[in-house]
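Beneath this line is the structure, given in structure tokens, with notes to follow.
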Amino acid sequence: MNMLEIEKKWQKIWDETKLNEFDGNTDKKYYCLEMFSYPSGSNLHIGHWYNYGLSDSFARYKRMKGYSVFQPMGFDAFGLPAENYAIKTGIHPEDSTIKNIATMEGQLRRMGGMFDWTKEIKTCMPDYYKWTQWVFLKLFEKGLAYRKEAPVNWCPSCSTVLANEQVIGGECERCGSQVIKKNLTQWFLKITDYAEELLTCIDKLDWPEKTKLMQKNWIGKSVGAEVVFKTESNKEFKVFTTRIDTIFGVSYVVLAPEHPLVKEITTADQRAAVEDYAMQTAKANEIERLSSDREKTGVFTGAYAINPANGKKVPIWVADYVLYSYGTGAVMGVPAHDERDFGFAKKYNHPVTKVISDGNEDTVLPYTEDGVLVNCGEFDGLRGEQARLAIIDKLAENGLACKKVNYRLRDWLVSRQRYWGAPIPIIHCPHCGDVAVPYEDLPVKLPYDVEFKPDGKSPLAKHDGFMHTTCPKCGKPALRDSDTLDTFVCSSWYFLRYADANNAEKAFDTEIINKMLPVDKYIGGAEHACMHLLYARFITKALRDMGYLNFDEPFTSLVHQGVILGPDGNKMSKSKGNVVMPDVYVNEYGSDIFRLYLLFGFNYTEGGPWSDDGIKSVAKFLDRVERLFDKTLTLNDDGADIIGEAEKEVEFVLHNTIKAVDRDMDVFSFNTAIARLMECVNALTKYEALPTKNNKLLKDSINVLIKLLAPCVPHFAEELWSKLGNTSSVFKEQYPVYDPAKTVKDQIEYAVQVNSKLKTRLVLSKSLNKAEIEQAVLNDANVLSILDGAQIKKVIVIPERLVNIIV
RNA sequence: GCCGCUGUGGCGGAAUAGGCAGACGCAAGGGACUUAAAAUCCCUCGCCCUCAAAAGCGUGCCGGUUCGAGUCCGGCCAGCGGCACCA
């Protein structure tokens, strides 16, 4: 069969008959969504193919199972790489992106996926980002978007903001200068308002357990207390702690170097040291700062605070292991009961005061478990939670402490000082402040003619025509926000837009998406576990609370595909020169064979190094199927009444194949599904070679086989299906159903073990109960000779599997 | 460093709920067919010792639970993903 030819033929027919479009039956809808891709490079790479091609087999399987499958496709088209490419080559991001999308669309069409192109999305087009801006304004209206100062990576030499990716070992990737942190006023989305719901709803999701766990840890709920410390000069700051029971052991407190109070309290003789330390801190990234490996450093501010629990005076330090963005940006140091504080105290000679006992006179310090309070006055003898509550109650009398739940999750910073993104639809008016662009004025269009070479200002800030406008409230001159939105904002609602992608009036129609959503199966990389997947959940919940939709979670069920590595076992990258392009194989073998190889050669969720060793083998497999098909095509219906051992075996294999392939396809275990199909073909080929056979049974079996193969080799199966004389698509057929009675045999082979070592096998009737199995085994002549009169202590019978005799 | 995951023949990978490790396939070797090659078909194929059988060893390493561990528990080692401006 000429695969390339038939693929073209069927793709044309599928287009003409609109086979790939959603049929509108929302009662039986199955929304199957693959994470859309960034149109980088300009070519579909193996990772795309692995995600889209194989998910398409799943979607086709679901369709044959009777669902009305909706499988849309689109592009996450804004982002940094296109802008960097523009800086390097001068090619405008819009031009390169649109060209790349066109190439990828062509490749996706040649894949033969069942994508509904009538609902295509490109996030960089005004008809999409208009609604991204609408989402932002809705959040702003709801009080879920706000501005505050936050640090960015700043290269002083290039005068530009750098992405984390562009900072290599603390230096600018372009010029090698030391990168520093610089504060800018930026937009944040209040995802923390939803921290608790985002956490509790995780349990309801049909997601990989590891992903759920990672997201829970990312949200990082901890229950504790907030305690007010006062300085000697009567300034206040708050400390968050989960261990307020250790507060009598505080021997110092630490503020993050960025903490605003630091400037106010630092004494004159310490000022130089503290400022120098803060500058050093600005050079470090968070991963470094939080590394528990790294030697802890800190500097004394010269100021003192009063421990509210016992009135003791303790020194206030700054140290970079305290992050201003977590908790209150201040911690209490209790060296006797915290590993990190212990190390810090040893280094800087802070006293170590034991206030928790493990019951022994000489508790080994640091002792970090719960224990009994000692040297804590009225609280002595209390322990753990009881002690914590008592201390909070006491301090609360004077307003110095309260129970507090803290989350590691931070608000989502969405401002980007870049060109290639959706403009933030806010106007800064000198009189009225931050004013939303009126909805009727959306989209705020991204101007084409900008200078994106880095020179200290955001590209949009340099575009006068864009920047200068009038305030919608007071009509006086005002400036637009010069930043664009993080591309994660674009991708945090696209799954809603797909369902109503061509709506020119609204982002989406509530009634439509309430029927089409949530997504029934979402497929994409595990690298999105904490960010994209959490942002999408947040936006869904926020829109729900504004009445735009009625479901709580966007993605009911989630699967991560694995990563296909280069042949050398490393991640594919241009710089390593190990990139494998799917086109090479698609052009040589056709997309069905390439797809089948990907299905068969890897565990879908694990991926692995690329090798094309087996690609010929799946091509040969399809040849075998075709030969078998051709031999049976012209057969008459002779032998319909022959039902002997061989026929029973054929039925046994066939029905077990249906059962196993159905089960495997449903859980993305494609490699085992193909293995079962190969076994089935082997069995049918063997049967076909018999001199007398039941032709009807054979032909019926081939018919079933084609349907089982169809999701995995769609063009090939469609071709065979039409050769059988069918005029409608095989994808309109119902998936085969197995007969349970035909999947069992009445004889079962048992493994016989003696002292857990396999000694022999024994075929017994399936109908025997445990006691009868034991009797049958112990009476077997062969078993008796193996036992050789040994004393039997115990016999373990596992029905339908094995018998273990302990002697 | 922190959070999460993975580790099985020469290779890709299988092993419902703790029950016969290595399904299915690749590569390799041997054979049939052929003038020859390709294609196709048949056989062998974890390691070790063997003519063969039997025994022994074997799922990254060390230990534990169990009649029985690739699977559960504890401790290591190696690799991968994420760590909030790559998407």
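Chain A is the first sequence line, chain B the second, and so forth, proteins listed ahead of strands; every chain is numbered from 1.
Atom CG in A:Asn285 sits about 15 Å away from atom P in B:G82, given to the nearest Å. Atoms CG (A:Leu290) and C1' (B:C2) sit 8 Å apart, rounded to a whole Å. For the pair A:Tyr750 OH and B:G19 P, the computed distance is 15 Å after rounding to whole Å. Straight-line distance from the OH atom of A:Tyr535 to the P atom of B:A87: 11 Å, rounded to whole Å. Spacing between atom CG of A:Asn671 and atom C1' of B:A15 amounts to 12 Å, rounded to whole angstrom units. Atom CD of A:Glu679 is separated from atom P of B:G22 by 14 Å (rounded to the nearest Å). The separation between A:Leu565 atom CG and B:G7 atom C1' is 14 Å, rounded to whole Å. Between A:Glu286 atom CD and B:C85 atom C1' the separation is 12 Å, expressed in whole Å.
Across all strands, A:Val167 comes closer than 4.0 Å to no nucleic acid atom at all (heavy-atom distances). Residue contacts shown for A:Glu527 include a base, since a base heavy atom lies under 4.0 Å away. Residue A:Gly562 is out of contact with every strand shown, counting any heavy-atom pair closer than 4.0 Å. Using a 4.0 Å heavy-atom cutoff across all strands shown, A:Leu409 reaches at least one base atom of the nucleic acid. Using a 4.0 Å heavy-atom cutoff across all strands shown, A:Ser415 reaches at least one base atom of the nucleic acid. A:Lys571 comes within 4.0 angstrom of sugar-phosphate atoms only, judged by non-hydrogen atoms across all strands, and of no base. Within 4.0 Å of A:Gln417, counting heavy atoms only, lies at least one base atom of the nucleic acid. Counting non-hydrogen atoms under 4.0 angstrom, A:His528 reaches a base of the nucleic acid. Residue A:Ile796 is classed as a base contact, given a heavy-atom separation below 4.0 Å to a base. Using a 4.0 Å heavy-atom criterion, one finds that A:Val752 contacts no nucleic acid atom at all. Contacts of A:Gln186 with the nucleic acid, taken as non-hydrogen atoms under 4.0 Å apart, include base atoms. If you check every strand for non-hydrogen atoms under 4.0 Å, A:Met678 touches sugar and phosphate atoms only. As judged by a 4.0 angstrom heavy-atom cut-off over every strand, A:Phe600 is placed among the base-contacting residues. Using a 4.0 Å heavy-atom distance criterion, A:Glu749 is classed as a base contact.
Of the candidate nucleotides B:G19, B:C24, B:G25, B:G19 has the atom lying nearest to any side-chain atom of A:Ile798. The side chain of A:Phe488 sits closest to B:A87 out of B:C67, B:A87, B:G13. Relative to the side chain of A:Met531, the nucleotides B:G81, B:C83, B:C24 differ in distance, and B:C83 lies closest. Side-chain atoms of A:Asp76 lie closest to B:A87 of the nucleotides B:A87, B:C85, B:C83. Nearest to the side-chain atoms of A:Asn217 among the listed nucleotides B:A87, B:G82, B:C3 stands B:C3. Residue A:Asn153 has its side chain nearest to B:C85 when only B:A87, B:A14, B:C85 are considered.
Side-chain atoms of A:Asp320 never come within 3.5 Å of backbone atoms of A:Arg289 as a donor-acceptor pair (strictly under, hydrogens ignored). Side-chain atoms of A:Lys122 never come within 3.5 Å of backbone atoms of A:Ala77 as a donor-acceptor pair (strictly under, hydrogens ignored). In this structure, A:Gln186 contributes its side chain and A:Ala150 its backbone to a donor-acceptor pair below 3.5 Å. Checked by atom type and distance alone, the side chain of A:Tyr38 never pairs as donor or acceptor with a backbone atom of A:Phe75 at under 3.5 Å.
Applying the 4.0 Å criterion to OP1 and OP2 of B:A14, one finds that A:Asn603 has a side-chain N or O inside that range. Contact check, A:Ser611 against B:C11: no side-chain N or O comes under 4.0 Å of OP1 or OP2. Residue A:Arg410 places no side-chain N or O under 4.0 Å from the OP1 or OP2 atom of B:A84. The side chain of A:Asn755 contributes no N or O atom lying less than 4.0 Å from OP1 or OP2 of B:G68. A sub-4.0 Å separation between OP1 or OP2 of B:G25 and a side-chain N or O of A:Asn682 is present.
Taking atom C1' on both B:U8 and B:G13, the two are 9 Å apart, rounded to the nearest angstrom. As rounded to the nearest Å, B:C73 and B:A78 have P atoms that lie 22 Å from one another. When the P atom is used for both B:C62 and B:U71, the distance is 13 Å, rounded to whole Å.
By the 6.0 Å and 45° rule, A:Arg408 stacks over the aromatic ring of A:Trp218.
Remark: A:Arg801, A:Leu802, A:Asn804, A:Ile806 in residues 800-807 of chain A come within less than 4.0 Å of RNA chain B through at least one heavy atom. The stretch residues 620-631 of chain A comes close to RNA chain B through A:Lys620, A:Arg624, A:Arg627, each having a heavy atom under 4.0 Å from the strand.
A:Tyr597 has its ring centre no less than 6.0 Å from the ring centre of A:Tyr589. Aromatic ring centres of A:Trp420 and A:Tyr85 lie farther apart than the 6.0 Å criterion allows. Between A:Phe344 and A:Phe342, the gap from one ring centroid to the other reaches at least 6.0 Å.
Heavy atoms from other residues, nucleotides or ligands lying under 6.0 Å from CD of A:Glu149 number more than 12. Heavy-atom contacts from other residues, nucleotides or ligands closer than 6.0 Å to CZ of A:Arg801 number 12 or fewer. In A:Lys347, the NZ atom is crowded: over 12 heavy atoms of neighbouring residues, nucleotides or ligands sit closer than 6.0 Å.
Shortest non-hydrogen contact noted between A:Thr743 and A:Phe652 is O-CE1, 3.1 Å. In this structure, A:Phe495 and A:Pro554 approach most closely via the heavy-atom pair CE1-CB, 3.5 Å.
In B:G68 the base sits anti relative to the sugar, since the glycosidic angle is further than 90° from 0.
A:Tyr146 pairs with exactly one of A:Phe136, A:Trp187, A:Phe188 by the ring-ring contact (aromatic ring centres under 6.0 Å, His included) rule, that one being A:Phe188. Checked against A:Tyr535 for a ring-ring contact (aromatic ring centres under 6.0 Å, His included), the options A:Tyr194, A:Trp412, A:Trp493 give a single hit: A:Trp412. Checked options A:Asp483, A:Leu485, A:Asp486, A:Leu80; the residue passing with A:Arg418 is A:Leu80 (criterion: side chain to side chain contact (heavy atoms under 4.5 Å, CB included)).
Mapping A:Ala675 and A:Thr672 onto RNA chain B by nearest heavy atom places A:Thr672 at the nucleotide closer to the 5' end. Nearest-nucleotide mapping onto RNA chain B: of A:Thr685 and A:Trp218, the residue sitting toward the 5' end is A:Thr685.
Stretches of at least 3 consecutive Watson-Crick or G-U wobble pairs, with each checked distance under 3.5 Å, appear in RNA chain B as B:1-7 with B:77-83, B:10-12 with B:24-26, B:28-32 with B:40-44, B:60-64 with B:72-76.
In the interface, the side chain of A:Arg418 is paired with the base of B:C85 through a donor and an acceptor atom under 3.5 Å apart.
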